[in-house]
Amino acid sequence: FARLGVKQAVIDGEIVVLDDKGISRFAALQDALSQGAGTTLVFYAFDLLYLDGWDLRGVRLDKRKDLLARLLSGHLSGRSAIQYSDHVEGDGMALFDRASELGLEGVISKRTDATYAGGRSTTWMKSKALRIENFVIAGYTASAAAGGIGALGLGEWVDGELFYRGKTGTGFDAAGMANLLRRLEPLRIPDRLEGMPKDMLPVRPTLTARIQYANRTTDNALRHAVFKGLREAELSTPVARKRKRLISDADLAGIWVTNPTRKLFGTSGPTKLDIAVYYAAVGDFMLPHLFNRPVSLFRCPTKSIADCFFQRHAFNGMPPTIKVFEIKNSDDENKSYISVEDAKGYLALAQFGVIEFHAWGTHERHLEKPDRVIFDLDPGEGMEWREIVSAAVHLRGHLEAMGLVPFVKTSGGKGLHIVVPIKPKLGWKQVHAATSRIATQLAATGRDTFVTVMGERNRKRRIFIDFHRNARSATAVAAYSLRARPHLPASTPLAWRDLESIDSPEDLNYSSLPALLTTTGDPWADINEAARDLPA
DNA sequence: GCCGCTA
DNA sequence: TAGCGGCAACGCTTC
DNA sequence: GAAGCG
Ligand SMILES: [Mn+2]
Ligand SMILES: [Mn+2]
């Protein structure tokens, strides 16, 4: 400001932080203000109220901006900390559409002949851009005239509860509608959400749609909602391979649970039966990775998510075919441990409220010689999904250069697991140390991206390479295990070529995964043949 | 979710 | 017999 | 030695 050719001026404007596309991001400004340094603040000047003795508040807007532009001109470059906030006269609608497209927050419109007025007034208005967000499809209205569906009923999860948010009747063509109808019809359920119209047919809220809308009514319903497509994961179809059946029809017929309709968390969402059905559906793919490994179960037998607990020892009432054996702990005491060794025991665990399976990186037959190691990439706050993906690809290259064959799965949360099959030759101490070295080497290639230490605040905006899952008695969530969170995401093995096409790992969950697996099969089917020697 | 104790 | 309470991991790292 | 972490 000191360089401007002026003694005193009052300039109205806004301080912003721009992202790499030059778009103002409020969240980035908050970050910048709380962290103090490191980012570049920019002041956008949009009005001039006073200039060297002249009060300009009574002057027309177009004249004021003209003066402002002349005051600043000659002092600004594209990188200056002060920028002139330019305007467009005339076609407001076209500008608004373009702003929506670019993902801008919206448009401010002002009358060119207006004098300055602080606060709200009729001479200017703010038009928030249309936004696209995800909503659950909670129902639909049937309409023969429209070709099946009249409108989709939309829902939104808030604290584990589903609320009706209105409907949309536009955005789908004939083919899209036929597909939607085919998907929605089998999902019909009896109970309507509060506020849902009487002619709407409620469905299980398992499909998510991208919905564009302008704003919300006072009771939070969407205005001008437009269907922009289903949000779902898409995976590649490999050359057909025969599905090896590990679960027989007799096993399936024997599935039994008490309280099948018990909602796991809160008043809506998945039930105990959903868990049983999911594990029955994925068992053929999951069991090869689970059989005969010491396993810890994460159980949620009651309604309260806070009462969930880990169980690694044998327990009363256990399914009879769950195997029990002894393992010495670090104090040399014998403790009972368990493993799954047939489909019957596996399927029976749903009755005990088992949601998650966590396995050791070894088999009972050679307990002290691990056969799989895992690098758990944990994103710190502020890490984007695509950054985790590129970190995983980076680590893959590193491991392949060592002659190893890495596999990838989602963790079920926000991270990724890189799993490497190894020949069971080294002991736990050596394996843990070897993975520590690999993690440290990787971290050295990007100090700003990676950390290998657990505690430390520095995990913010970094990826923690957690190699400690490779210590004796440590576990990692098993391939295809669900996670005990509201929409039951699954830890999902992926083909490397599919990794980049996933944009939100929560789309891989108890409801979507069984169908996806019937076309993809298990991308880890050949993992055991890929075991190599881990350099000690 | 299950078991064992108590009223 | 209905109801209630106890119970269901662990080892390593970091402070 | 206690607290945090997964
Ligand atoms: Mn993780
Ligand atoms: Mn971790």
Side-chain angles (χ1 to χ4, degrees), chain A residues 256-264 271-273 275-276 293-320 322 324 326-339 345 347-362 367-368 370 373-381 409-419 427-429 431-433 435-436 439-440 451-460 462-478 481 483-485 491:
Chain A
W256 166 92
V257 288
T258 60
N259 266 322
T261 58
R262 193 193 106 224
K263 305 271 195 298
L264 265 17
T271 63
K272 187 176 169 188
L273 181 62
I275 302 270
R293 296 177 183 275
V295 69
S296 293
L297 307 173
F298 192 63
R299 297 176 53 195
C300 305
T302 73
K303 212 152 177 81
S304 162
I305 193 163
D307 291 339
C308 300
F309 55 89
F310 270 93
Q311 180 138 26
R312 56 163 56 181
H313 303 309
F315 55 102
N316 235 322
M318 248 182 3
I322 294 295
V324 182
E326 305 228 302
I327 297 181
K328 280 194 178 2
N329 68 10
S330 54
D331 293 335
D332 218 32
E333 299 158 334
N334 272 323
K335 297 283 186 178
S336 78
Y337 278 75
I338 53 180
S339 68
L347 294 171
L349 288 171
Q351 166 59 13
F352 296 85
V354 172
I355 297 184
E356 304 186 2
F357 293 81
H358 295 248
W360 286 38
T362 192
L367 260 186
E368 305 302 333
V373 296
I374 181 168
F375 296 90
D376 170 13
L377 302 183
D378 287 334
E381 217 178 301
K409 67 182 172 79
T410 64
S411 69
K414 292 176 174 170
L416 284 171
H417 290 172
I418 310 300
V419 172
W428 288 105
K429 280 268 149 54
V431 165
H432 194 186
T435 56
S436 167
T440 306
V451 279
T452 56
V453 285
M454 205 182 268
E456 211 158 332
R457 276 283 197 274
N458 295 348
R459 277 168 66 169
K460 252 195 179 174
R462 290 196 169 76
I463 296 168
F464 171 42
I465 310 168
D466 181 0
F467 58 89
H468 298 294
R469 315 289 98 233
N470 305 305
R472 187 178 190 271
S473 111
T475 59
V477 70
S481 173
R483 307 307 301 267
R485 300 175 192 188
S491 177

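Keep in mind that what you see is a predicted model, and the values were worked out from it rather than measured. Every chain is numbered from 1, with letters handed out A, B, ... down the list of sequences.
Atom name P, nucleotides D:dG6 and C:dC7: the rounded distance is 28 Å, in whole Å. Comparing B:dG4 with C:dA8, their C1' atoms are spaced 15 Å from each other, to the whole Å.
Side chain of A:Asn470 to main chain of A:Ile374: a donor-acceptor pair is present (N/O by atom type, distance under 3.5 Å, no hydrogens or angles). Of the possible donor and acceptor atoms, none in the side chain of A:Arg469 sits under 3.5 Å from a partner among the backbone N and O of A:Gly361.
Looking at heavy-atom distances under 4.0 Å, A:Lys303 makes no contact with the nucleic acid at all.
The side chain of A:Val453 has C:dT14 as its nearest neighbour among C:dT14, B:dG1, D:dG6.
Shown here are the side chain to side chain contact (heavy atoms under 4.5 Å, CB included) partners of A:Arg472, two or more places apart in sequence or in another chain: A:Ile327, A:Trp360, A:Glu368, A:Trp428. Partners of A:Lys328 by side chain to side chain contact (heavy atoms under 4.5 Å, CB included), not counting sequence neighbours, listed by chain and number: A:Asp332, A:Asn334.
Side-chain N/O atoms of A:Ser336 and A:Glu326 include no donor and acceptor closer than 3.5 Å.
When the P atom of D:dG6 is taken as reference, atom NZ of A:Lys414 falls 12 Å away, rounded to whole Å. Counting to the nearest Å, the P atom of C:dT13 and the CG atom of A:Asp376 are 16 Å from each other. Between the P atom of D:dG6 and the NE2 atom of A:His358 lies a distance of 13 Å, rounded to the nearest Å. Computed from coordinates, the A:Phe375 CZ to D:dG6 P distance equals 18 Å when rounded to whole Å. Distance CZ (A:Phe464) to P (D:dG4): 16 Å, rounded to an integer number of Å. At whole-Å resolution of the value, CG in A:Asp466 and C1' in D:dC5 are 9 Å apart.
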Protein proximity profile, nucleotides 6-11 of chain C - base contact B, sugar-phosphate-only contact S, no contact -, cut-off 4.0 Å on heavy atoms: --BBSS
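Between A:Arg459 and D:dG6, a side-chain N or O to OP1/OP2 separation shorter than 4.0 Å is present.
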Derivation and outcome, ring-ring contact (aromatic ring centres under 6.0 Å, His included), residues A:Phe357 and A:Phe298: CA-CA 6 Å; A:Phe357 293 81; A:Phe298 192 63; over 10 Å; no
ring-ring contact (aromatic ring centres under 6.0 Å, His included) assessment of A:His417 paired with A:Phe375: CA-CA 6 Å; A:His417 290 172; A:Phe375 296 90; over 10 Å; no
